Each structure stands twice: as C-alpha cells, then as structure tokens.
Amino acid sequence: MKIYQVGGSLRDELLGLPVADRDWVVVGASPQQMIDAGYRPVGRDFPVFLHPRTHEEYALARTERKTAPGYTGFVFHSAPDVTLEEDLLRRDFTINAMARDADDAAAPIIDPHGGRADLAARVLRHVSPAFAEDPVRILRGARFAARFGFAVAPETLALMRRMTGAGEVDALVAERVWQELSRGLMYANPQAMFELLERCGALGRIIPEITQTAPDGPPMRPLTMAARHGMTLAQRYAALCAWLAPAAVKVMSERLRAPAECRELALLAARQRDALLHAGHLDAAQLAELVRVTDGLRQPGRFRSLVQVVGAVAEGACPPVDYGRAKARVLAAFQAFRNVDAGRIAATLAAPAQIPDALRQARESAVAAALEEAGLL
Ligand code: ATP
Ligand code: MG
C-alpha cells in the first residue's frame, strides 16, 4: 500500500497557508488491510478511515460514476487496483488534484492536471468533464473564489453555466448550500462567492431573492464592509440581506435553513434598517420605541450587532450614508433605556395597569436626558 497527501491540504501548503486538517489517499489497499493496520472505518458511502493516532482522514483511492441526478446519485468504485491518477481525475479543481508521497515531504508533487500552474496563475479550472456531475462543485468553486480571490477559467465558467442551465443546481439540498455559503461568508472577500454564483446563473436558482433587488446585480457592498470589519456570520448574513424586504428575508432564510441567530438578525436588519440609518432625525420617544421593538433590553448583544450591521449598510450604500450621529444617538438611547429601573418604577404604582405607561414615560425621559447630556438632542 502507498499513501499520498492530497487535495486541499497540499494546495494550502503550496500557497503558504496554515493547514488545518490533511487529507490522505491510500492506493493498493483493501478495507481489511486498513482495519488490520489499526485504522478505524468511518465512511458511509465510500471507504474512509481515521488514522489510529492522528485521526486524520485516509480514503482509499476511488473512482466514481454518476447514476442519478443530484449530488447523491453516485456509485463509487474502490479497489486496490484504482490508481492515484484515477483518483485525482475525479476531483473538482486542478488546484485540488495534486498529490505527494506521504513518506517524503521533499518528493516531487504529482500533478497530472496542471494544478501548480493554476495555483501560480490564481485560476480555478475543472479537472475533467465529470465536474458537471456534482453541483456542489459550483458552490465549492464560488467559495474558493471568495477565499483565494482566484479567477475562474473561461471553460470552467462555461461548464458551470451549462450545469445551471440543465437544472443541476436545483438538486442541491439546503443543508449543503448553507454549509458552503456559511463558510464562504466568513472569508475575506465573501462578495466574490456571490458574484461567481451570479455569473454562472446559479444565484438566481439558489437565492432568487437577492438577484431581484437591483437591475445591475445585487448590492454586495454592505457584505464587503461587514467582512472588512471582521463581523460574525450572523452579521455578514444580515448585511447580505439588508436591502431585501423582510418578507423576502424570511422566505430566503427558511429555504436556506439558516440558523436562528442568522435568521433573526437578518430579519431585524431588514425591518429596522431605515429607522437606524435615519436615527439622526428620531426624537426620544421614537428612539425608545426602536430599542423596545428590537428587544434591546433582553437581547443587548443582538442589539449591538444590529447597530454594527447597519453601519456596514451605511458604508456600503451608494453613495455612503453618514451614520456617525445616528449611531451615537441609538447607542446613547439604548444605554439610557437599559438603565431605567423597571422594578423600582413598578413598586411606586398603585395598579399594575399603570406600569406600561409609566415605564414608557420613564424611558423616554431617560433617553431625552441622555441625548441632551451627550449633546445629541
Ligand atoms: P477546505 O480547505 O475548505 O477543506 P478542501 O479542498 O480541502 O477545502 P475538502 O472538503 O476537505 O475540501 O475535500 C478534500 C479534497 O477532496 C478536495 O481538495 C478535492 O480534491 C476533493 N473533493 C472534495 N469535495 C469534492 C467534490 N464535491 N467533488 C470533487 N472533489 C471533491
Ligand atoms: Mg480539506
């Protein structure tokens, strides 16, 4: 049996990037041989094993054949006679289809598809026409575009377009889409992921909501700004959705099965974007109401996140919106609102029915006083 380091870890190493988890391919071995050598089988659909000590993944070399539409319709063939070259041929991009002898870090890179040249030229190029058999590869390509800032080879873009046109993308399941999108959102240039999806026609199939917002493509600058400021996943997702109508955000988030934190912040941003952007013109009562409807008291962290997201929206608007004063007023109001001691006010009242009005008045007064003190009235 012969073991090679393959795929993303080798690519990242060649790029001089830190390598988190390495992938290995094993040629000339049977599953039983792996088990006898102490590896633990984990693959459900194809033979993958965990190293007894490092717990890294070791996959038996395999070929695959498409048997049904969608990305699950594959039959895998793995046997000791499958060669390394055959295994590399089924991989998605040339930069992911290189290998190196596991025992010798100085051994030459095995690179039958020109991955090194594409790495140097910063190009994503598909390995073979079999690329078209798995629409997840479009998502992966878009994610790599966001991560590395690489261009897509014209023939690969053309193939992605044909795949989209043939309805391949429609077979993607929500979990897989979210898995790739959420990873792509966290990279330095997440907008590049959506731009590539748009260029190959996949965006309108996966997230039609964001293609319907503007005639010249979806506004991506809020997301770019959110990434530039190192914002969280929920904030980046909210920035992506910030220009949509709340109803569209709802539909989109449900279809993508976005986690609750992402969904809620995005919905809040879509609903309160305008109020926050124009908070420079709100009076104390309106500011207090803004804190109340966004549940700032019970969810202070989310409230601060929201204020930051709208900051990215303001910066990303065309032309940019001056948000400094609005933001300062919102945060002053938020602090004043939180400092009102509801329990103490309630204790001074004769009837519980009086509480809501008294609280509202106390909060408005506190907000007004805070604004005045900060010179923000
Ligand atoms: P990341 O750094 O995000 O993990 P990766 O390229 O290592 O990127 P993995 O999912 O870890 O991605 O996959 C390891 C390798 O397996 C890839 O480099 C590629 O060679 C191959 N691979 C993974 N998914 C696919 C796919 N859908 N189609 C073809 N090859 C794939
Ligand atoms: Mg990997």
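Being a predicted model, the structure only gives us computed values, none of them experimental. Just so you know, ligand 1 is whichever comes first in the structure, and atom 1 is the first atom listed for that ligand.
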Query raised in the report: Got the closest protein heavy atom to atom 28 (N) of ligand 1, with its distance?
Result: Arg137 NE, 2.7 Å
**Report entry** Note: Asp322-Arg325 ion pair, threshold 4.0 Å (strictly below)
**Finding:** no
**Report entry** Sub-6.0 Å ring centroid separation between His51 and Tyr39
**Finding:** yes
Requested in this report: Step through it carefully: locate the ring centre of Tyr237, locate the ring centre of Trp178, and say whether they are under 6.0 Å apart.
Outcome: yes
**Report entry** Closest protein heavy atom to atom 30 (N) of ligand 1, given as residue, atom name and distance to 0.1 Å
**Finding:** Asp92 N, 3.3 Å
**Report entry** Residue Gly7 vicinity, atoms of ligand 1 by number, heavy atom under 4.0 Å
**Finding:** 18 (O)
Query raised in the report: Between Arg116 and Asp111, does at least one N-O distance fall below 4.0 Å, as a salt bridge requires?
Result: no
Query raised in the report: So which protein heavy atom does atom 21 (C) of ligand 1 come closest to, and at what separation?
Result: Arg91 NH1, 3.5 Å
Query raised in the report: Are the aromatic rings of Phe131 and Phe93 close, with centres under 6.0 Å apart?
Result: yes
Report summary line: If you scan protein heavy atoms around atom 4 (O) of ligand 1, the nearest is Arg183 NH2, 3.7 Å
**Report entry** Enumerated ligand 1 atoms positioned under 4.0 Å from heavy atoms of Asn96
**Finding:** 6 (O), 18 (O), 19 (C), 20 (O)
Query raised in the report: Which atoms of ligand 1 are found less than 4.0 Å from any heavy atom of Phe144?
Result: 6 (O), 8 (O)
Query raised in the report: Has ligand 1 got any nitrogen or oxygen that is less than 3.5 angstrom from a nitrogen or oxygen of Ser9?
Result: no
Query raised in the report: Going by an N to O cut-off under 4.0 Å, is there a salt bridge joining Asp283 and Arg329?
Result: no
Report task. Could you check Arg125, Arg140, Arg143 and say which one makes a salt bridge (Lys or Arg N to Asp or Glu O under 4.0 Å) with Asp92? Result -> Arg140
Query raised in the report: So which heavy atom in the protein is nearest atom 14 (C) of ligand 1, and how far is it from that ligand atom?
Result: Asp23 OD2, 3.5 Å
Query raised in the report: What part of Asp134 sits under 4.0 Å from ligand 1 if we count only heavy atoms: the side chain, the backbone, both or neither?
Result: side chain
Query raised in the report: Any ion pair linking Asp118 and Arg122 (charged N to carboxylate O, less than 4.0 Å)?
Result: no
Query raised in the report: For ligand 1, which atoms, with element, lie under 4.0 Å from some heavy atom of Arg147?
Result: 1 (P), 2 (O), 3 (O)
Requested in this report: State whether the shortest distance between N or O atoms of Gly8 and N or O atoms of ligand 1 falls below 3.5 angstrom.
Outcome: yes
Query raised in the report: Which atoms of ligand 1 are found less than 4.0 Å from any heavy atom of Arg143?
Result: 3 (O)
Query - Subset of ligand 1 atoms that lie under 4.0 Å from at least one heavy atom of Arg90 - result: 29 (C)
Query - Selected option - heavy-atom contact closest to atom 19 (C) of ligand 1, from Arg11, Arg140, Glu133 - result: Arg140
Query - Test log, rule ring-ring contact (aromatic ring centres under 6.0 Å, His included), inputs Phe144 and Phe150 - result: CA-CA 7 Å; Phe144 292 132; Phe150 286 11; 8.9 Å; no
Query raised in the report: Taking non-hydrogen atoms only, is Phe131 closer than 4.0 angstrom to ligand 1 via side chain, backbone, both or neither?
Result: neither
Query raised in the report: Can we say Glu195 and Arg199 salt-bridge, meaning some charged N sits less than 4.0 Å from an Asp/Glu carboxylate O?
Result: no
